[in-house]
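Worksheet: one structure, shown below.
None of these values were measured; they are calculated from a predicted model. Note that these values count all heavy atoms, side chains included, but never hydrogens, waters or copies made by symmetry. To find a chain, count down the sequence lines: A is the first, B the second, and so on, and within it residues start at 1.
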Amino acid sequence: MEKAYNPQSVEAAMYKIWEAGGYFSPKMDGGKQSFSILLPPPNANADLHLGHAMYVVEDIMIRYHRMKGDPTLWLPGEDHAGFETQFVYEKYLTKEGKSRFDFEREALYKNIWDFVAANRGTMENQLRRLGFSLDWSRNIFTLDPKIIAIVYQTFKKLFDDGLVYRDARLVNYCTKDGTSFSDLEVKHVERTDPLYYMKYGPFILATTRPETKFGDTAVAVNPKDKRYKQWVGKEITVEGLLGPFKVVVVADSAIDPAFGTGVAKVTPFHDMTDFEIAKRHNLPAKQVIGFDGRLTKIAGPYAGMKVSVAREQIVKDMVARGLMDHIDNAYTHTVATCYKCGSVLEPLPLSQWYIRVKPLATQAVKAVKAKRITFVPKRFEKIANQWLTHFHDWNISRQIVWGIRIPAWKCEDCSTPEHEHWIVTQGEIPINCTKCGGTRLTQDIDTFDTWFSSAQWPYATLLSQSANPKSKILNSNQNENLKLKIENLRTKTTGTDFDTYYPTSVMETGYDILPWWVCRMIMLGLYVTGDVPFRTVYLHGLVRDAKGQKMSKSKGNAINPLKMADQYGADALRFSLVFGTAAGNDQSLSEDKIRGMRNFANKLWNIGRFIELNIAKQNLDSKESLPIHVKTLPNPQQKMLKSVFDLSINVTNKMEKYRYSDAAKKIYDFTWHVFADKYIEQSKKQLEADDTQTLAVLIDIYKTLLKLLHPFMPFVTEALYQKIPGWDRIPLIISSWPA
RNA sequence: GGUCGGUUAGCUCAGCGGUAGAGCGCUGCAUUCACAUUGCAGAUGUCGAGGGUUCAAAUCCCCCACCGACCACCA
C-alpha cells in the first residue's frame, strides 16, 4: 500500500466494480420492505454544482438500506428543464447572431434536442464521479415517450374531471423571454420609482404607470370614501394626450382610501387588481401593451414604443400639457420581475390552461395532517401546509417549444371568441370535433410548464417500468369528489416498479423547491394514484461559501464539486457536506473543511496499511480470515469489542432518525481518537510480540468501522475492505450492516 | 404587511431539558516507530439581551434587538 491515500488511483476503479457487478439494481427479498428514492432529476443540459452534491444524503440512505438487505432502488433521471434549457439555448443562438424566430417549431425543437443530447453524458458521469449508487439501468429522461404518455393521461383526466380549464385572464408575461409564468416564477423586487399624480377629470390620482392610461376604462374609489361618494356611478370626462375621453366612476373595496388621493384609474388589461375590478363591474378592457413589450395602436403616436421609453415620453408630454399635478420621486414599492432574466413582467391578457388547485391541495393538506407524509426537519410541514392552502390556480401553459406540447385542439368550426371549444386527448390527434363534428382542428401551440410533468415524476417513472402503465391510472368516474380509497386503486401487477416502490420511501431535495416540486408531487400523486408519492420528505439547505455568502460563478466564490473531488477525493467532499450540518439549514463549505476530511480518509487508509504491515510481519496468509477466540481475550480487548458494538447500535439509531451529521461524527471520533490514537497505540506491544489474536481483533474492529463508514465514504472504504484478510469476495457495498 | 430561520470558542457550524462540543485556526512539545494529510499536551465561550416555567434551560414559554430567507394583485 502507498504511504498516503490517493483517491484518484482507486475511485474510478471502485465505481466500475460496483456498476459492472450490478449492485446498484435492487436485490429483491420478499420478506423485506423496499426502500426507494427518486433522484431529483438534474438538468440534462447543465453541469453539476454543489447543490447536486448534496444528493450525497440520498446515497447515504441508499447505501445504508442496501447494506441492511432491503430491496433498494435509487432511480436516476434527467430533466429537459423546459424554459431553463430553452433560455440557455437562446443565449447560444444570440451568440451565433440568430434568434429562435429564425426557425420553424419542429426545427427549433430538434436543434435543442441535439444541443441537450450533446451535453447529457457529462452530467451522468459527474454523478458517477461523486460515487452515487444510482440504478443506471433505469435512467429515464423527462421527455421519454413513456413519461409523455403518462403526462398526457393525467392532463386528460384533469380535464375530464373539470380540474383543468382554459381561461383568458391576465398572466405574468415576460416580454423579453416571450412566455407566461405561474405565480411561483414571479420574483418580487423592491424598487424606488416615481409616483405620478395626474389630473384626471375632476380628480387627481396617483399611478406608477401613466403609459397605461390609454387602456383606462374606469376610475375607482372606495365605497366608504365620503369624499367621492357623489361621483360613484357617474361618467366623467378626462383630458388625455389623445384628446378627451369618458370613463365611469365605480366603487370598489379593493381601493385603499389612504393610498395617494384615494382615487385609482382602472386599466383592466394591465393590472391584476384592475382586472378583478373590471370583472366585478362589467367594465370593458383595452390592450395598450403588446406581447412584444411595445405600445399598441391604441396609443396613437406612442405606438411601437417600448414601455419604458413610452412612459418617459408620455410623462414629458403630460407635463407640457399641464396634465400632471406633481411627481413623487421617492416612492418605494415592489415590482414583479422575471425570475430568470430580471425584466419587469407585464400583466397581459392571454388564454391559458389552468389547474384548479384547491381540490387537489385540500387532499394534500389532509394527507399531511394525517401524517401520511413526514417532514424532516419538522418545521417544513407547516411551510408545506401554508403553501398548499395559499396556492392560486396554476397556469401550466408556456409559450416555448422545448417541452411537452399540450394535447389540446381547438375546433375552428364551432368556437366563438366568447366560447372556445377544445378537445383534449391522451396525445392522439383527434379527427372530428366532439361537439360539432367539424374537422378544422388546430393544436394549441403551447407546451406544459416543466413542473407539470415533474410533479408527476414519482408515478410516471415507476409506471414507465411496467408493461401497461395505463391500467394504473384511475378512471375519472372512479374518482368522484376526489374521495380516494387506496385499496381500490392498485391493480396488483407483480414485477412492476410501481407496485414495489410506490409510494417511494423518501423524497430528498433542497427546501427551495418545496412549493414548486414537493407540494405539487403530493397533489398530483394523490390525485392520480390515490396514495402519497413518498412517505418522508427530507429537505437539505443551501451550500454557501466559507463566509456564508451565496455561491455564484460571477462572484467567483463557487466551489466546483468535481474539482474538489479530483483534488481531495469524492469521499472527502461527501463527508464535508454532511459533517456538522443539520437538515434544512444552510451551510458554509470551505476548502479547509474538505481538506480536513481528506485527512480523515488518509487516516483510515493508514490504519489499513498498519494492519497490512503486521500481517506481513507475522507471515500470515493475507487471504485467510483470522478467527477470534473471544473467551480467552484479555479484558481491554473484550471491552473494545463491546464499545464497537455499542457504536454500531448508536450509529444505526442516528441513521434511522436521519441524523447523518451525528452518525458521521460518532464514527469519525471513534475511528480516529479511540481506535487509532488509543487502542492501536496500546496494541503495539502485543503486535511486536507477534500476537495474532491482537491482530485479529484489530481487523475485526476495522472491518466494522469500514462498514459503518461506507455510506459516507464509499470509495476508500471499499478499496480498503477488499484488502483485508478474510475478504469473502462480497464487496463492501453489498456486505451486511453491522447492527 | 405576513411567515420561517439564525444569533454557541478567532472562523464555519453541531447540540436543543441534566456538569459546554466538532472541524479548521492558535500555543507549546515530540518525531527515522501505519499516518506531518502525524502524535501528545494546551488555551479560548456569563451558548444575542431581558423576563418566566423547572430541582435543573444553550435547550421549553414570553418579550426585545440585530442578521438572513421566503411570501404578498398597495394602484
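Searching all strands for a Watson-Crick or G-U wobble partner of B/U37 with both distances below 3.5 Å returns nothing. In this structure B/G50 sits in a base pair with B/C62, meeting the Watson-Crick or G-U test at under 3.5 Å. Of the nucleotides present, none pairs with B/A43 by Watson-Crick or G-U wobble criteria with both distances under 3.5 Å. Both distances falling under 3.5 Å, in either a Watson-Crick or a G-U wobble arrangement, place B/A69 opposite B/U3. Nucleotide B/A56 forms no Watson-Crick or G-U wobble pair with any nucleotide shown, as no partner meets the under 3.5 Å limit on both distances. The nucleotide B/C24 finds its pairing partner in B/G10, both defining distances of the Watson-Crick or G-U wobble pair being shorter than 3.5 Å. The partner of B/G17 cannot be assigned: no Watson-Crick or G-U wobble pair with both contacts below 3.5 Å exists in any strand.
Here A/Arg598 lies in heavy-atom contact (under 4.0 Å) with a base. A/Ile255 comes within 4.0 angstrom of a nucleotide base, judged by non-hydrogen atoms across all strands. Using a 4.0 Å heavy-atom cutoff across all strands shown, A/Asp256 reaches at least one base atom of the nucleic acid. Heavy atoms of A/Ile607 sit under 4.0 angstrom from at least one base atom. Backbone-only engagement by A/Tyr331 is indicated by non-hydrogen atom pairs under 4.0 Å involving sugar-phosphate atoms exclusively. Heavy atoms of A/Ala676 sit under 4.0 angstrom from at least one base atom. Within the nucleic acid shown, A/Asp669 has no heavy atom closer than 4.0 Å to any nucleic acid atom. Heavy atoms of A/Tyr668 sit under 4.0 angstrom from primed sugar atoms or phosphate atoms, though from no base atom. Residue A/Glu612 is out of contact with every strand shown, counting any heavy-atom pair closer than 4.0 Å. Within the 4.0 angstrom heavy-atom criterion, only backbone atoms of the sugar-phosphate kind lie near A/Trp387; the bases stay farther away. No contact: A/Ser590 has no heavy atom under 4.0 Å from any strand. Using a 4.0 Å heavy-atom cutoff across all strands shown, A/Gly260 reaches no nucleic acid atom at all. Residue-level contact check: A/Thr334 touches the bases, meaning some heavy atom is under 4.0 Å from a base atom. A/Phe275 comes within 4.0 angstrom of nothing in the nucleic acid, heavy atoms only.
Atom-to-atom, CZ of A/Arg209 to P of B/C74 comes out at 14 Å; the value is rounded to the nearest Å. Atom CH2 in A/Trp605 sits about 17 Å away from atom P in B/U37, given to the nearest Å. One interatomic measurement links the two molecules: CZ of A/Phe600 to P of B/A22, which rounds to 15 Å at whole-angstrom precision. Atom pair A/Leu577:CG and B/A22:P shows a separation of 22 Å (rounding to whole Å applied). Separating the CD atom of A/Gln386 from the C1' atom of B/A69 is a distance of 14 Å, rounded to the nearest angstrom. With rounding to whole Å, A/Glu190 atom CD is found 14 Å from B/C71 atom C1'. We find that CD of A/Glu681 is positioned 9 Å from C1' of B/C33, with the value rounded to whole Å.
Note on ring orientation: taking the six-membered ring where Trp is involved, the planes of A/Phe269 and A/Phe275 are parallel (angle under 30°, cut-offs 30° and 60°).
A/Leu170 and A/Pro268 get closest at one heavy-atom pair: CD1-O, 3.4 Å.
Put simply, A/Asn606 has no side-chain N or O that comes within less than 4.0 Å of OP1 or OP2 on B/U38. Contact check, A/His333 against B/C74: no side-chain N or O comes under 4.0 Å of OP1 or OP2. Regarding contacts with the backbone of B/C16, a side-chain N or O of A/Arg659 is found under 4.0 angstrom from either OP1 or OP2. In this model, the phosphate group of B/A14 is approached by a side-chain N or O of A/Asn585 to a distance below 4.0 Å at OP1 or OP2. For A/His673, no side-chain nitrogen or oxygen approaches OP1 or OP2 of B/G21 to under 4.0 Å. Contact between the side-chain N/O atoms of A/Lys382 and the OP1/OP2 oxygens of B/C4 is found at a separation under 4.0 Å. Remark: A/Trp672 is in phosphate contact with B/G39, judged by side-chain N or O atoms under 4.0 Å from OP1 or OP2.
With 3.5 Å as the limit, one finds a donor-acceptor pair spanning the side chains of A/His540 and A/Glu508. At a cut-off of 3.5 Å, with distance as the only test, a side-chain donor of A/Asp586 or A/Tyr511 sits close to an acceptor on the other residue.
Contact annotation: side chain of A/Lys684 to base of B/A34, donor-acceptor pair present below 3.5 Å. Scanning atom types as modelled, one donor and one acceptor separated by under 3.5 angstrom connect the side chain of A/Lys603 and the base of B/C35. For B/A34, its base never sits under 3.5 Å from the side chain of A/Glu2 at any donor and acceptor pair.
Closest to the side chain of A/Asp677, out of B/G39, B/A14, B/G23, is B/G39. When the nucleotides B/G15, B/A72, B/C4 are ranked by their closest atom to the side chain of A/His188, B/A72 comes out on top. For A/Arg379, counting side-chain heavy atoms from C-beta on, the closest listed nucleotide (B/G5, B/C73, B/U37) is B/G5. Listed candidates were B/C35, B/U3, B/C73. Nearest to the side chain of A/His392 is B/C73. Proximity note for A/Arg544 (side chain, C-beta onward) versus B/A14, B/A69, B/A34: the nearest is B/A69. Which of B/C71, B/A34, B/A14 sits closest to the side chain of A/Lys665 comes down to B/A14. Looking at the side chain of A/Met597, the nearest of the listed nucleotides B/G23, B/U37, B/C13 is B/G23. Residue A/Asp662 places its side chain closer to B/A14 than to any other of B/A34, B/U37, B/A14.
Using a cut-off of 4.0 Å between Lys/Arg side-chain N and Asp/Glu carboxylate O, A/Glu681 and A/Lys678 are scored as not salt-bridged. Note on A/Arg595 versus A/Asp592: salt bridge recorded, some NZ/NE/NH1/NH2 to OD/OE distance being below 4.0 Å.
Between A/Phe712 and A/Tyr668, the gap from one ring centroid to the other reaches at least 6.0 Å.
For A/Lys593 (side chain) and A/Ser576 (main-chain N/O), a donor-acceptor pair under 3.5 Å exists by modelled atom type.
With a 4.5 Å cut-off on side-chain heavy atoms, A/Leu709 and A/Phe600 count as touching.
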